[in-house]
Amino acid sequence: MKHLKYHITLIIALIIGVIVLQHLINSYNDTEKQKQIDELNKIHLNAVSDAKAGIDNYATLVSSIRGYIKNSKEFPKEKQIQNYLTDLLKDLKFNDSLLVNYIDTNHVMRYVITPNQIDPANLKGVSVSDFRPKEEVKELDKLMKQDSISLFPPINLKEGWCGFPFNFSAKNYDNEVVGYMVSILDVKYLLNAFYDKDINQKFVHKFSINDSVNLSREAVYDGTNIYNKRRDNEFFKNFDLSNKDIISSNINLYGLDLNIVSAYKETPVINKAFINLSYLWYAILIAFSALLLFQLSKNKKLYTGLKAANEEIELKNEALENNLYKNQTLIKEIHHRVKNNMQMISGLLELQEDEYQDEKIIKALEESRNRIQSMSLVHEKLYNSASLQDIRTKEYIVQLIAFVENTIGGNKVYVSKEINVPDNLIFDADTTANLGLIINELVTNSYKYAFSEKNANKISISIIKDKNTYKLIYLDNGNGLNKDYDFESSSSLGMKLVYVLTEQLNGQIKYDNKADTFIIYFNPMENSFKG
């Protein structure tokens with residue numbers, strides 16, 4: 001078992017890594033799901049608030065009509081109420097559909113008033129008992145004896161729309177009951193708050209009264225006749241709400257319980273790019289670990305063979321030295337060949353540029369060539385490194401900028417370069433590769449968008465150690481990014497790459513628009529770095 005301890009340790013580490021990775025992915029999914037729920041909750045609460053404000057405005061209007069009738073020495077004529085209603089709406093800026101009825105003690109309609117018409121549906125003389133349930137008529141009998149304003153359930157009107165009726169007892173100047181008034185507001189006025197913004201088109205809403213009667217902006221489904229020929233395309237029954245997250249609220253509207261349910265029309269899809277990238281990274285790590293196990297086994301066998309020849313100590317030492325030299329040569333050769341292969345790919349991309357005339361394709365190939373060159377430079381530095389694992393950061397950055405300048409800048413654009421990086425700053429290959437790609441993207445972006453032949457162009461790059469982390473500061477003297485620029489939602493491949501690479505370095509990126517400065521906090525990817 002002793003000779004397998006490294007294999008067992010590495011396997012246990014990989015298993016723990018899988019568990020941690022899955023936990024991170026689950027946390028990411030939970031976070032994205034919570035964002036979706038928060039968006040739904042925000043939309044829902046804002047619309048509910050608007051609906052409450054609408055019904056309060058409506059109640060104020062009804063109260064004003066009631067006060068006007070009560071304070072008139074004679075019960076107002078039909079035209080007088082219409083004129084008052086028109087003036088009142090003008091003051092309140094209330095321009096939606098509205099209907100005011102005066103109904104006598106026998107439940108016969110005497111006045112039927114809209115802001116612009118008198119009795120548009122020819123309802124004068126019609127009894128409420130002819131088209132409303134007996135239970136509601138009894139409630140209206142009680143209402144005439146009361147001194148309060150009541151909101152009745154929404155109804156389908158013969159005028160062709162559905163409305164919320166506010167009812168109150170109608171009394172003359174001598175306080176005698178002469179019937180009751182019904183002020184009806186178009187239901188659409190309240191429910192439009194859930195649909196009148198572009199973002200709300202992603203959501204579906206369900207509306208019900210007292211948890212039993214459903215309604216839409218065009219009709220009330222209470223079993224009565226629906227006179228409106230139009231139907232609401234956003235009616236919740238047109239959508240499947242069975243397996244979706246929903247948010248529900250109950251609004252008490254002057255004694256009437258309105259239940260509102262909101263949900264996404266389609267289940268939002270979580271972006272899988274981060275998850276796929278995580279799995280890909282771990283697959284590469286497993287492949288590398290398998291290679292490492294293989295190499296450990298190979299070295300163990302070599303060590304056993306050398307131990308068996310213990311009596312020939314000098315021959316063993318010579319064999320070990322020879323093996324070490326071979327390994328170093330092999331590693332150097334690998335770095336050399338990787339560098340050569342990357343340069344070959346870069347050359348092929350350069351040849352590809354000559355085959356296209358489309359500037360977008362040429363620029364894309366050129367940017368890909370620069371990224372490959374930044375990684376190739378890492379292997380070149382490792383090849384020339386005595387330790388085969390550490391790279392002098394400043395020397396690497398200077399050569400990287402020189403390559404980008406030769407590739408993109410040409411001889412026409414002069415750029416002053418200020419590199420504030422300690423000469424003895426050393427990072428491992430993985431950290432340097434990530435930093436190289438980030439700097440490549442930023443410098444390329446400066447040459448493409450910030451510099452011109454006429455201006456005094458300038459680049460400044462600094463790396464500062466800040467306690468337990470490092471800080472990369474990059475700036476040019478260009479016009480800078482937009483104030484509302486968002487790295488996460490950017491459509492630019494280069495900026496997405498900078499954002500992802502910063503995350504791989506366990507860091508974060510900030511941008512100061514006033515100073516046109518990128519500040520990237522990062523941590524080296526190995527604990528054995530030198531600084």
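A quick note: this is a predicted structure, and the numbers were derived from the prediction, not measured. Computed over heavy atoms, backbone and side chain alike; hydrogens, waters and symmetry mates excluded.
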If we ignore hydrogens and angles and just use 3.5 Å, is the side chain of Tyr282 paired with the main-chain N or O of Leu277 as donor and acceptor?
no
If I compare all heavy atoms of Ser64 with all of Leu88, which pair ends up nearest, and what's the gap?
CB-CD2, 3.6 Å
In the structure I gave you, are the side-chain heavy atoms of Phe194 and Val48 within less than 4.5 Å of one another anywhere?
yes
What are the two closest non-hydrogen atoms of Glu441 and Leu497, and how far apart are they?
OE2-CD2, 3.5 Å
Using 0.5 Å steps for rounding, measure from the CG atom of Asp257 to the OG atom of Ser208.
8.0 Å
Please report the shortest heavy-atom distance between Asn506 and Asn523, naming the atom on each side.
O-ND2, 3.2 Å
Just by distance, do the side chain of Asn477 and the backbone of Lys458 share a donor-acceptor pair under 3.5 Å?
yes
Rounded to the nearest 0.5 angstrom, the OH-CD1 distance for Tyr264 and Ile246 is 14.0 Å
Go through the steps to decide whether His44 and Phe203 satisfy the test ring-ring contact (aromatic ring centres under 6.0 Å, His included), and finish with yes or no.
CA-CA 9 Å; His44 178 80; Phe203 307 96; 9.9 Å; no
Is it the case that Asp466 and Thr469 place a side-chain donor and acceptor less than 3.5 Å from each other?
no
With distance as the sole criterion, is a donor-acceptor pair present between the side chains of Ser248 and Asn259 under 3.5 Å?
yes
Check whether any side-chain heavy atom of Tyr221 lies under 4.5 Å from a side-chain heavy atom of Ile226, and answer yes or no.
yes
Taking the side chain as every heavy atom from C-beta outward, state whether Val404 and Ile439 have any pair of such atoms under 4.5 Å apart.
no
Looking at Tyr58 and Leu185, would you say the former's side chain and the latter's main chain have a donor-acceptor pair under 3.5 Å?
yes
Give a yes-or-no answer on whether the side chains of Lys77 and Gln80 include a donor-acceptor pair shorter than 3.5 Å.
no
Pairwise side-chain contact, Leu190 with Ile55, heavy-atom cut-off 4.5 Å (strictly under):
yes
How far apart are the closest heavy atoms of Phe239 and Asn233, and which atoms are they?
CE1-O, 3.9 Å
Could you pull out all donor-acceptor pairs under 3.5 Å where a side-chain atom in residues 161-173 meets a protein atom, sequence neighbours excluded?
unit_1: Ser169; atom_1: OG; unit_2: Met144; atom_2: O; d: 2.8
unit_1: Asn172; atom_1: OD1; unit_2: Asp174; atom_2: N; d: 2.9
unit_1: Asn172; atom_1: OD1; unit_2: Asn175; atom_2: N; d: 3.1
unit_1: Asn172; atom_1: OD1; unit_2: Glu176; atom_2: N; d: 2.8
unit_1: Asn172; atom_1: ND2; unit_2: Glu176; atom_2: OE1; d: 3.0

Sub-3.5 Å donor-acceptor pair from the side chain of Thr502 to the main-chain atoms of Val498, do we have one?
yes
May I ask you to check whether Ser446 and Tyr474 show a side-chain donor-acceptor distance below 3.5 Å?
yes
Can you find a heavy atom in the side chain of Ile65 that is under 4.5 Å from one in the side chain of Lys70?
no
Taking Glu234's backbone N and O only, do any of them form a donor-acceptor pair with Asp232's side chain (distance below 3.5 Å, no angle check)?
yes
Pair Lys202, Glu39 - check salt bridge (charged side-chain N to carboxylate O under 4.0 Å, His left out), show working.
CA-CA 11 Å; Lys202 294 165 54 177; Glu39 181 185 23; 3.0 Å; yes
Between Glu218 and Arg231, is a salt bridge (charged side-chain N to carboxylate O under 4.0 Å, His left out) present by the stated rule, with each step listed?
CA-CA 6 Å; Glu218 306 294 353; Arg231 292 295 178 267; over 6 Å; no
Taking atom types as modelled, find out whether Thr517 and Asp512 have a side-chain donor-acceptor pair closer than 3.5 angstrom.
no
Separation between CG of Leu14 and CG of Leu21, rounded to the nearest 0.5 Å
11.5 Å
Please report the shortest heavy-atom distance between Gln508 and Lys510, naming the atom on each side.
NE2-CE, 3.1 Å
May I have the step-by-step check of side chain to side chain contact (heavy atoms under 4.5 Å, CB included) for Phe522 and Leu472, ending in yes or no?
CA-CA 8 Å; Phe522 69 95; Leu472 168 64; 4.0 Å; yes
Verify the neighbour count for atom CD of Gln34: are there more than 12 heavy atoms of other residues, nucleotides or ligands below 6.0 Å?
yes
Between Asn26 and Gln22, do the side chains contain a donor N or O and an acceptor N or O under 3.5 Å apart?
yes
Distance check, rounded to the nearest 0.5 Å: Arg110 atom CZ versus Asp104 atom CG?
4.5 Å
List the atom of Ala51, the atom of Ala193, and the distance in Å for their closest heavy-atom pair.
N-CB, 4.3 Å
Within a strict 4.5 Å, meaning less than it, do heavy atoms of the Val500 and Gln504 side chains meet?
yes
Are the side chains of Ile149 and Val62 in touch, meaning some heavy atoms are under 4.5 Å apart?
yes
If we ignore hydrogens and angles and just use 3.5 Å, is the side chain of Asn457 paired with the main-chain N or O of Val415 as donor and acceptor?
no
Regarding Lys138 and Glu135, does a basic nitrogen lie under 4.0 Å from an acidic carboxylate oxygen?
no
Determine all donor-acceptor pairs shorter than 3.5 Å in which one atom belongs to a side chain in residues 118-131; sequence neighbours excluded.
unit_1: Asp119; atom_1: OD1; unit_2: Asn122; atom_2: N; d: 3.1
unit_1: Asp119; atom_1: OD1; unit_2: Leu123; atom_2: N; d: 2.6
unit_1: Asp119; atom_1: OD2; unit_2: Leu123; atom_2: N; d: 3.1
unit_1: Asp119; atom_1: OD2; unit_2: Lys124; atom_2: N; d: 3.2
unit_1: Lys124; atom_1: NZ; unit_2: Glu78; atom_2: OE1; d: 2.6
unit_1: Lys124; atom_1: NZ; unit_2: Glu78; atom_2: OE2; d: 3.1
unit_1: Ser127; atom_1: OG; unit_2: Ser129; atom_2: N; d: 3.2

Just by distance, with hydrogens left out, do Gln82 and Tyr111 show a side-chain donor and acceptor under 3.5 Å apart?
no
Ser63 (side chain) donor-acceptor with Ala59 (main chain) under 3.5 angstrom
no
Distance-only donor-acceptor check, side chains Thr224 and Asp222, under 3.5 Å:
yes
Test your reading of the model: is there a side-chain donor-acceptor pair from Tyr180 to the backbone of Asp141, 3.5 Å cut-off?
no
Please evaluate residues Phe235 and Phe207 with respect to the criterion ring-ring contact (aromatic ring centres under 6.0 Å, His included), reporting the C-alpha separation (whole Å), side-chain torsions for both, the decisive distance (0.1 Å), and the verdict.
CA-CA 9 Å; Phe235 189 41; Phe207 309 97; 9.2 Å; no
Could you grab the distance from atom CD of Gln36 to atom NZ of Lys33, nearest 0.5 Å is fine?
5.5 Å
Ignoring hydrogens and geometry beyond distance, is a side-chain donor-acceptor pair present between Tyr195 and His205 at under 3.5 Å?
no
Can you check whether Leu442 reaches Ile461 side chain to side chain, under 4.5 Å on heavy atoms?
no
Evaluate the criterion side chain to side chain contact (heavy atoms under 4.5 Å, CB included) for residue pair Lys145 and Val177; output intermediate values, then yes/no.
CA-CA 8 Å; Lys145 300 175 184 179; Val177 176; over 6 Å; no
Between Asn228 and Arg230, is there a donor-acceptor pair closer than 3.5 Å when you use the side chain of the first and the backbone of the second?
yes
CA sep, side-chain torsions, deciding dist, call: Asn434, Thr431, side-chain hydrogen bond (donor to acceptor under 3.5 Å, both in side chains):
CA-CA 5 Å; Asn434 280 274; Thr431 302; over 6 Å; no
Taken to the nearest 0.5 Å, the spacing of Asn101 CG from Ser183 OG works out to 8.0 Å
Identified side chain to side chain contact (heavy atoms under 4.5 Å, CB included) counterpart of Leu85 within the set Leu98, Asn116, Thr114
Leu98
